[in-house]
Amino acid sequence: MEEYIVSLDNLKKIADELLNNHCRVIGTTSENKFKELNYAEELVLNPGAVPTSSSFKEFFFPKTEPLFFYKQNHSNVDLFNPIQDKSKIVIIGAKPCDAASLPIISKVFNWDYKDDLFNSRYDNSLIIGMSCHYSDEFCFCNDLGSSPENMKGSDVFLKPLADNYFKVVSVTPKGAEFINEYQKYFEKDLGKNKSLERKEENPKHFDYDKVKTWLDNNFENKFWDTAGEMCLGCAQCAFVCPTCHCFDIVDEQNGSCAGRRAKNWDACQFSLFTKHASGHNPRDNQEKRYRQRISHKFKYYMDKFDEVLCTGCGRCSRGCPVSLDILQIVEEINSLSGNSNSIQ
Amino acid sequence: MNELKQICKEALTEKKARFIIAYREDKNKKTKPFIARTPEDAEQIIFNHQAVNNLAVYFPRFKNSGEGKIGIVVKSCDLKAVTALIQENQIKRDDLFIIGVNCSGVVRDTTMEFSNDNTQIKCKYCQAKTPPYYDELAEESKEFEMPDDDQAELMARIEKMSSDERLEFWSAEFEKCIKCYACRQVCPMCYCEKCIVEKSEPQWIDTSSTARGNFSWNIIRAFHMAGRCIGCHECERACPMDIPLTLLTRKMGMVASSEFGYRHGMSLTEPALIGTYSTSDKEDFIK
């Protein structure tokens, strides 16, 4: 198979064509945020940048979206479907910890109920991933079977070369089709451009299997009494997370006889999240809610969907107002698991 | 720093406090809140320029959690929140063991070293590096260079705007809101057991992150903070979407000060502005 490289300028030309073809092009900007680009020049690709403060999940699973609108019509109620933007979504420059999130959350959106809203966007998308040359004390992708070069979730993968060039890897048939379609912008790789390697390997922090086994056996462990006690119960962690996918369904009135039903982001750290209509709340304190967050990510999702609900991007920890660090919590569990698996 | 540890250790040994809400450093040298319950725990207690959190936010969770005083390490700015909570009858002075620290300024960006460029604006207006009252006092005060008030310029610019321009400015800012409620959760003055956004019968405020929902939430929070904000700037620091929330609360505080000569959290005996009426209050806004 032919190997290709592409220049940053040509990537921007591709972005331009996509925009002209009414695609929604999402890329990172000079502010290091994922943004729906208005023009290709806004695109900035920096493999050495810290992961953006928010993930790109909002482009597949928006923070709020209408399910339907209603309007009272005498004694009847008329329902209206929202107009859906069916444009193709192209993400350019996703880090491996971003790209990997989509196949992970796709499982929950296609488990019993098929979520058309998510699927219509995900099925009609193309993810161009890029190797990551960043690492800090919050990163732990390689503890979860991934790596800064992992192509999970990407259709096309870029590896940085010298002089603003990228080596192009076609990962999926969708990716191959894309490279074929924009062939004129890709050049044959003659091996002239030096590849830019990561400076250092990421350290390994914990053994996931040990962590999982501990979680399987220690729902009542006293570790949970203090693990999340400083958590303030906001949803910063969940809302910037690429894999947190919980939502709430609400009816909202607009005027006296009309309104909409909407699907909004929700988070397990909110006290209302599990509050029953009776007033009973099975997770009645922050410690229990924090245990839920860790258990859902590292145990329940694995039990049900054979995936860890975390890509190790570290966003939740970087942004936490009280510096709760998910990696340090999992490391503590890892060290606890070395001692015993029994319930204390 | 040893002095602070010593004070906390003694307080826990002699049961002057049943636990102390304080700061510790984690293994990555990140300063974060924690609860010291034993004299051994107190060994971890530290205070530095990275001690940004206003620890008074933890009172509601612990106030009815057992016998004995709650210990807390406070900077001068955080003490205003403690005072305000006492003024608003949320907690009693006698239930607290206050360990004041002489503060030499805290950082704006916790990922960077303390410097003149990386100092919170509130430090510029801090009137007391030493908390005005306490049960014990620790740390030596160091002089530091005052930061520039880069917010004042923006505030002046907004004041000059027409109401349409202002609406445009705030609409663009609030559009970013994702309703994570980090602003509410880090705020020591946001202690309602049930926030108005959680009241669903009827639903007063749209919970959706739509233009309307975001505007309603941010404006109602600003109103509820009118004359109550003590200026710790935690809301703005916590906001993952970088909304300049303290522009609103700070402006409201300035209005409370200029119109009523009142600043919240400054006196244990003065009744809170929002709960009092004075015959000298201006009435010219009633038209």
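In what follows, every chain begins at residue 1, and chains take the letters A, B, ... in the order their sequences are listed.
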Name the member of [options] that forms the most heavy-atom pairs with chain A at distances under 4.5 Å.
| options | result |
| --- | --- |
| B/Met241, B/Glu198, B/Gln203 | B/Glu198 |
| B/Asp206, B/Asn53, B/Thr207 | B/Asp206 |
| B/Arg61, B/Arg237, B/Glu234 | B/Arg61 |

Will you find, in the side chains of [X] and [Y], an N or O donor that is under 3.5 Å from an N or O acceptor?
| X | Y | result |
| --- | --- | --- |
| B/Asn48 | B/Thr31 | yes |
| B/Asp117 | B/Ser115 | no |
| A/Thr64 | A/Arg260 | yes |
| A/Arg293 | A/Gln269 | no |
| A/Arg289 | A/Gln292 | no |

Please indicate whether [X] has more than 12 foreign heavy atoms, meaning atoms of other residues, nucleotides or ligands, lying under 6.0 Å from its [atom1].
| X | atom1 | result |
| --- | --- | --- |
| B/Lys30 | NZ | yes |
| A/Phe68 | CZ | yes |
| A/Phe80 | CZ | yes |

Between A/Asn285, A/Asn254, A/Leu324, the one whose heavy-atom pairs under 4.5 Å with chain B are most numerous:
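The candidate making the most pairs under 4.5 Å is A/Asn254.
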Which atoms of [X] approach chain A - backbone, side chain, both or neither, heavy atom under 4.5 Å:
| X | value |
| --- | --- |
| B/Cys187 | neither |
| B/Tyr181 | both |
| B/Lys194 | neither |
| B/Asn214 | side chain |

Centre of A/Phe247's six-membered ring, under 6.0 Å away, within 45 degrees of the axis: is that where NZ or CZ of A/Lys263 sits?
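Output yes; distance and angle both within limits.
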Could you pull out the closest heavy-atom pair between A/Ala94 and A/Phe34, with the gap in Å?
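Nearest pair, atom of A/Ala94 first, then A/Phe34: CA-CZ, 4.3 Å.
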Using only non-hydrogen atoms and a strict under-4.5 angstrom cutoff, which residues of residues 272-282 of chain A touch chain B?
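Within residues 272-282 of chain A, the residues that come under 4.5 Å of chain B (heavy atoms only) are A/Leu272.
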